[in-house]
Amino acid sequence: MEKDRQVKLQIDKVSLSFGGVSALVDVSLDIRDKEILAIIGPNGAGKTALLNCINGFYKPQKGEIYYEGQKITRMRPDKLARLGIARTFQNIELYTHLSTQDNLMAARHVLMEHNFIAGALYLGWAQKEEIEHRQVVEEIIDFLEIAPIRKRIVGLLPYGMRKRVELARALALGPKVLLLDEPMAGMNLEEKEDIARFIIDVFEGQGASYPDTPVLRDGIRSIILVEHDMGVVMDIADRIIVLDFGRKIAEGTPAEISSNPEVIKAYLGKEK
Amino acid sequence: MLQVNNIEVVYMNVIQVLRGVSLDVSDGKIIALLGANGAGKTTTLKAVSGMLRTEEGEVTDGSIDFDGERIDRYGPEDIAAMGISQAMEGRRVLEHLSVEENLLVGAYCRKDRAEVKRDIERVFNWFPKIKQLRRQMSGYLSGGEQQMLVIGRALMARPRLMLLDEPSLGLAPLLVEEIYEIIARINSEQRMAILLVEQNVRAALGIADYGYVMENGRVVLDGPAEKLKDNEDVREFYLGLSAVGSKKSYREVKHYRRRKRWLA
Amino acid sequence: MTFFLQLVVTGFALGMIYALIALGFVIILKCSEAFNIAQGHFVLIGGYLGYTFLVTFGLPIWGTLLMAILTAIIMGLLIERLILRPLVGQPVLAVIMVTIALATVLGGLATLIWGAEYKAYHGLLPTINLQIGSISVPSESLIGLIVSIVTVAILMLFLRYTKIGLAMRATAEDLQVVQSVGIKATTVYAVSWVIASIVGVIGGILLGGVSGANMELAEIGLKAFAVVLLGGVNSIGGAIVAGIILGMLENVAAGYLDPLLPGGGLAKVFPFIVMIIVLIFRPYGLFGLVRIERI
Amino acid sequence: DGAEAQKKLYVGGTQSLTGPFAEDSAAVLAAIEDYVKYVNETKNLGPWRKEKFPADITLEVLWRDDELKPAKALSIYEELKAKGMMVARISGSPIALALKDKMWEDRMGATSMATGPYYLSPPQSCFTYYPIYTDSLAAIADWFKANWKETRKPKVAYLTADNAMGRSIEIPEMKAYLEKVGYEFVGTQYVPLVPTSPPTTQLTWLKEKGVDLAVGVMINPGAQPTVKEMVRLGMGPYQPYKMTFGTGAPGHAAVFAEAMGELGDGYVCAGSFRPMDDLAIPGIKFCRDLQDKYRPGKRVTHIMYQAGILEGMIQVEALRLAMNEVPFEKLTRRDVLEKGFFKIKNLETGKISSTPLTYGEGDIEGVDQIRIDQVQKGKVVEVGLTPLRHIFTRK
Amino acid sequence: MGSHFGAVQESYAQDLAIFRTKLHWGALFAFLLFLFTCPLFFSDRMLTIMTMIGIAVISVHGLNILTGYCGQISIGHAGFMAVGGYASAILCAKLGFPFWIALPCGALTAGIAGLIFGLPSLKIKGFYLIMATIAAQFIIIWTIIQLRSITGGPDGLSVPKPAIGSIVLSSKANYFYLVMAFTCLATLLAKNIVRTRTGRAFIAIRDNDLAAEVMGISLWSYKLQAFFIGCVYAGVAGSLLIHYYSFASIDQFPFMDSVWYLGMLIVGGMGSTTGAIMGAVALRLLDELITMVGPILSAAVAPQAAASLALISHGLIIIIFLIFEPRGLHHRWEMIKAYFRLWPFSHEE
Ligand SMILES: Nc1ncnc2c1ncn2[C@@H]1O[C@H](COP(=O)(O)OP(=O)(O)OP(=O)(O)O)[C@@H](O)[C@H]1O
Ligand SMILES: Nc1ncnc2c1ncn2[C@@H]1O[C@H](COP(=O)(O)OP(=O)(O)OP(=O)(O)O)[C@@H](O)[C@H]1O
Ligand SMILES: [Mg+2]
Ligand SMILES: [Mg+2]
């Protein structure tokens, strides 16, 4: 690994337990600029718990987390979202009664400024801001190809579509670090390909095709991906970390991981 | 045993989702139901289990027969009592109940208490991971653990027909294999018919006898599992095999919007 | 000291009746997540039934309780069948609204049948005088205490040793899941409405023994609601402890604090103040189930 | 026919037929209806009265149920006003507080079933037929003091309902009056309007403080359990611990005695109505006759029937007096108030009210003496008549 | 997709507008014209009813923001109305403030009371929060009784007739215009709040508070904002109510009113400004209807029986309505609109 690449997010000996259950035990890892890091591991290994620690939803009992050098361990989740950490959820957590478009607008919240008084009057400033952000949202909708469901209430969308809206909402936050928790669960192969392509496109940045939307234009340089589909993980991850029973049991490139005997035993099973 | 005859389903009186779906599940067979997101697979299962009603949906045309009895006007409890049990999508565990209580709820309608106890142990044997957590409130389980619990709960009813909605969702690869073994075993041991909705087409077609592919509320393709596996479109869209038969890399997926689906 | 003990003893007995009525709330909340605004009106009906059976028909207390329970069962079944069943699977708020409307209907019925009249029947409940040292326990309180304890105990046994308790909890969590395993949600609802109406009616008879049957009895339902939340929504034991705490607090506030304040009336709000404070430190009540919050 | 239809006047007004005052209101309504039938039929105003109601004018009862909700009373009031009603009525304090100022603005005179000090602050166009609570309690205090034999100062405490009605006695003037008369004021205990457990604690407190006289405003559902518990704790004028308990008008002694029998011995009530079966009293006899005639077999035994008769009398009298000065065709609400209600002098009520009723601008209490009744051997006995003290100083 | 059949929008501004088509603007104009000319053909009684409806609408809008949008169920709204009402009554009656200053001050006071009682909402959720709001109702009323020297306690407080400048708002028509102006303004502001940034944050909290927090919405700040805004609305409604009576009394804010405001919201349909209006109008009109039926019924039975029958029918009508439309009037209205948008096709794609 190139050591000189800047460390975006550093997790330092984090431990988390619930009563008797230890979800994480002394986990250390870092994610650097310009990489897609995959976290894999059996069910209940602590992957989701780790993401929850990163964005402040769980407060680890031990260890520290640094984001761009700043300690963020016990920060409130909404502050972290403002700092640029966005995520999707394993069990879809959308705002069920809002349309797709409003779900994304609700995520733009952190980047908007007008307060309820300006909103109530809806004069100049608030309206201008609404329109500006609406434009960004439309670009994201266009990018993720969800235009037909723009005005649909998300609660009634099929499972796969909701996952996609979640990804869109995470992008709408304009994050610098993106955490994805099983973004492809419940999709068929073709749809997984779509999502994989979106992830890669977001990672690489789209430049001029989306001039007004910084996340799409410049890309998100650090992505953490939790996923059970090994095909996807092996193909798109730069580096993989394997958790088991809350411990990190391996770390390395896809090639290294797929031949690691411990990983095969705990997680992958025999190659067919 | 189950015949779905050309049903149409409309939500909230305005949104039509199924436009004439027919399928057949015969005794002791595993039937796979495939299709893209939003094709209407879940809706089909809900129509069978009578669950539509609580979601303001309605079977407006066609009929559903179970053992020759027409069930599309029955309530979900009655249908369940007739021996159809559904494992719903979205990891619907009863959050504030413990793992064990969840399983007991699954066996609620059974009278044979001793047998129920044994079945609980059997489920724990299949899923040792949740055995350790048997007293834990199920809302705290990890996604995959919840998925195991939901499948276990559906099994507890000892149904004659089981409707499984994406059982492999969110399970680790090792477990996916195991789950399919378990499903196949239950099917053969207990002569339980299974209607299986899956995105993991490879695994599903691996154990299924027959398959249907849905698109936009219609069945567009059906046939014995073996034949489906050889179908060119299924191979490309669901199994990810190009014409030559080699696997594509996710990195090389093309950047244009591809041809979609069989029917326009 | 006598004064204080007096407060505590009568408060305890009153609290037990609150707890009994609160049980009705808990049961409905347990199975449908809806709170039953009409619970107080069950109490109201209970008060009038007490009058009808004790005075008009001249039945003894046990006969009155029996007949009242029968009436309550019929009332509970009718309510479930006619009003709640069509709403199965509908938003909780619709159910809450329906209980508001039900309260109106029951209030109207009471006026129609009994003319909203004040009907006293104190003295018709059996009198047991109990003197513990210098404290003298009012007979009504004692009767209330005994009947509530017996009723609560029977109900707790019923819920523990039948599967219906499990079904109720499951139904509250996820109606679809419950239906998919073949539990008849309507039966669960029917049982809980019957229980709610039984405990309401019995509570009404007991309270009516003190105050007479009266339109104001409906307000007591509200106190029971406070009891439920203090105890923790899903906890029967919690309701009992909280009922007793609330009954005592109310009495102690009335006895010690009211005379100090120019306007008085603290008995009504003091329990609320205590409750808010308790809830801030224990957001799920004293014994409530911690709501699972995870993503 | 057409001419007759034109000469019609309305009485009645808003009623609270649902809610806590339902029964009272229903009895009042029945009485007003009966009285109006009587006047229409005989043109008499009462067996003891010589005046006649104008022969060419018919009275009609108009009413609406306000459910004791202020907002509803407001629109009902507008409706009845638009129908041409020139007298109104008030069924409870919530309604009084909502309508009082509107009524003054419209110069609408009204009779009232509720009695609170709020009426005494101008503007005033609502008229009551039993005294304001503070005056009732002052009367009891006077009576008790007059019968006080010991040399020490008697101790007095409030034992009163825990609501607006019960608390309306807690004005400085009241306490000052009690002390002026020679009492030692001890404090206050509240009993819920309808108690849910016997007020043992409150009574124990009174006992511990050595109170001799407890006064307050309570309705019967509050007073009955209280007195019952008093007896159980051995408190009362005829009990080991000597204490007298007195309330103002709504805790009518007659109702109380009927429900409690000898258990209620010693209970005192000021300004209350008479028992409905005391036919020696001309007003009660009149009530009985009206009922025999207009609702045979469906007799209303509720004591507030008397209140309804009074309200009917006052409303009709105000209309009649006003028409003495202004012809029917020109009659306005203002006339009915100023030339009717204000001019009612010594209206004989057949001893239903404590004294004949007299009203005037600023004088809305009607009676000028207060009858004090006590329950003795299960029967209501009149024990005194005390002048009105006008405790409340107008602001 | 419905939008194929609706109007086509050409800019985001247009897409975001409330009134998008000529039909919308026409309906708005017709409605305003109707409101303006009401006093010409309505009786005093109808004006009173409409004034009371207007006040209820304002109050329910507030509750809708708090409960319908932000998901913080409150059964203490009448209590907050009392704070606003009493504050402005005291300012007018005791300190001689003019009405138009007292009203916003009252609203602000109610907002602050809302903040105080909203504080527990940071920890307490769901049913437990309902308890806190019920407590608010009782504590507020109790406090008003305690502060007898300034509030008049149980005896109430007389308030001078409101005047704006030299116009004394003493006629029914005058006050009707005032209330309607406030109602329209309140509706517009509510609509704007809920369709912009703040409103989306509220809905996010209602739909999924945990995700909302992770997605950058400060629960702390927005729950309190919802309480504040909702209670300011209640304060305005309370002030208007008290000035209409020219008298402040605790009986004007009973607990059951709090329950019924929530009822109006449920019947109308939570989380929709139109729903809030529909609910308030429907339940108030039903109430009035029942009042009229009473005496007519009493021709057949005794008056008291008639009154209770009327009350029973009141409850039954609501029950029957809910059985057929548990999601409220607004939902029904949306279905009707959807039906006509798709017409002549019977189903959406
Ligand atoms: N809030 C909690 N309370 C109690 N236990 C918890 C909590 N959150 C997680 N756990 C436990 O911690 C362990 C790790 O859970 P986590 O959700 O992180 O697993 P995961 O790696 O994401 O698994 P999966 O792939 O199945 O989603 C599990 O055993 C789970 O039961
Ligand atoms: N309750 C509902 N109300 C309205 N529309 C609904 C409802 N439930 C589902 N739909 C719509 O029905 C269509 C089919 O949904 P369904 O859930 O059956 O798809 P699916 O094939 O199971 O998809 P997935 O693979 O993503 O689970 C979707 O377009 C969805 O928006
Ligand atoms: Mg996980
Ligand atoms: Mg599905």
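Chain letters run A, B, ... following the sequence lines, proteins first and then strands; every chain starts at 1. Quick caveat, the model's predicted, so the values are computed rather than measured.
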Trainee: Just jot down the side-chain hydrogen bond (donor to acceptor under 3.5 Å, both in side chains) partners of A/Arg221, sequence neighbours excluded, or say none.
Mentor: none
Trainee: In terms of heavy-atom contacts, does CZ of A/Phe203 have more than 12 from other residues, nucleotides or ligands at under 6.0 Å?
Mentor: yes
Trainee: Show me the donor-acceptor pairs within less than 3.5 Å that the side chains of residues 41-48 of chain B make with the rest of the protein, sequence neighbours left out.
Mentor:
residue	atom	partner	partner atom	Å
B/Lys41	NZ	B/Gly35	O	3.0
B/Lys41	NZ	B/Ala36	O	2.8
B/Thr42	OG1	B/Glu89	OE1	3.2
B/Thr42	OG1	B/Asp165	OD2	3.0
B/Thr43	OG1	B/Tyr11	OH	3.3
B/Thr44	OG1	B/Gly40	O	2.6
B/Lys46	NZ	B/Glu55	OE1	3.0
B/Lys46	NZ	B/Glu55	OE2	3.1

Trainee: Counting heavy-atom pairs under 4.5 Å to chain B, which of A/Gly44, A/Ala185, A/Pro158, A/Ala23 comes out on top?
Mentor: A/Gly44
Trainee: How long is the gap from CD on B/Gln199 to CD on A/Glu191, to the nearest 0.5 Å?
Mentor: 5.5 Å
Trainee: Looking at every non-hydrogen atom in both residues, tell me the closest pair between B/Pro173 and A/Met230 and how far apart they are.
Mentor: CG-CG, 4.1 Å
Trainee: Roughly how far apart are B/Leu169 CG and A/Gln90 CD, rounded to 0.5 Å?
Mentor: 8.5 Å
Trainee: Between atom CZ of A/Arg152 and atom CD1 of B/Ile15, what is the distance when rounded to the nearest 0.5 Å?
Mentor: 6.0 Å
Trainee: Less than 4.5 Å apart, any side-chain heavy atom of B/Met12 and any of A/Leu156?
Mentor: yes
Trainee: Using only non-hydrogen atoms and a strict under-4.5 angstrom cutoff, which residues of residues 140-149 of chain B touch chain A?
Mentor: B/Ser142, B/Gly143, B/Gly144, B/Glu145, B/Gln146, B/Met148
Trainee: Of the listed residues (A/Glu227, A/Lys163, A/Met187, A/Met184), which shares the most heavy-atom pairs with chain B below a 4.5 Å separation?
Mentor: A/Met187
Trainee: Quick one: which residues of residues 125-138 of chain B reach chain A at under 4.5 angstrom, heavy atoms only?
Mentor: B/Lys129, B/Gln136
Trainee: Take atom NZ in A/Lys62; do more than 12 heavy atoms of anything else shown fall under 6.0 Å from it?
Mentor: no
Trainee: Please report the closest heavy-atom contact between A/Lys265 and B/Leu174, naming both atoms and the distance.
Mentor: O-CD1, 3.7 Å
Trainee: For A/Asp229, which atoms come within 4.5 Å of any heavy atom of chain B: side chain, backbone, both, or neither?
Mentor: side chain
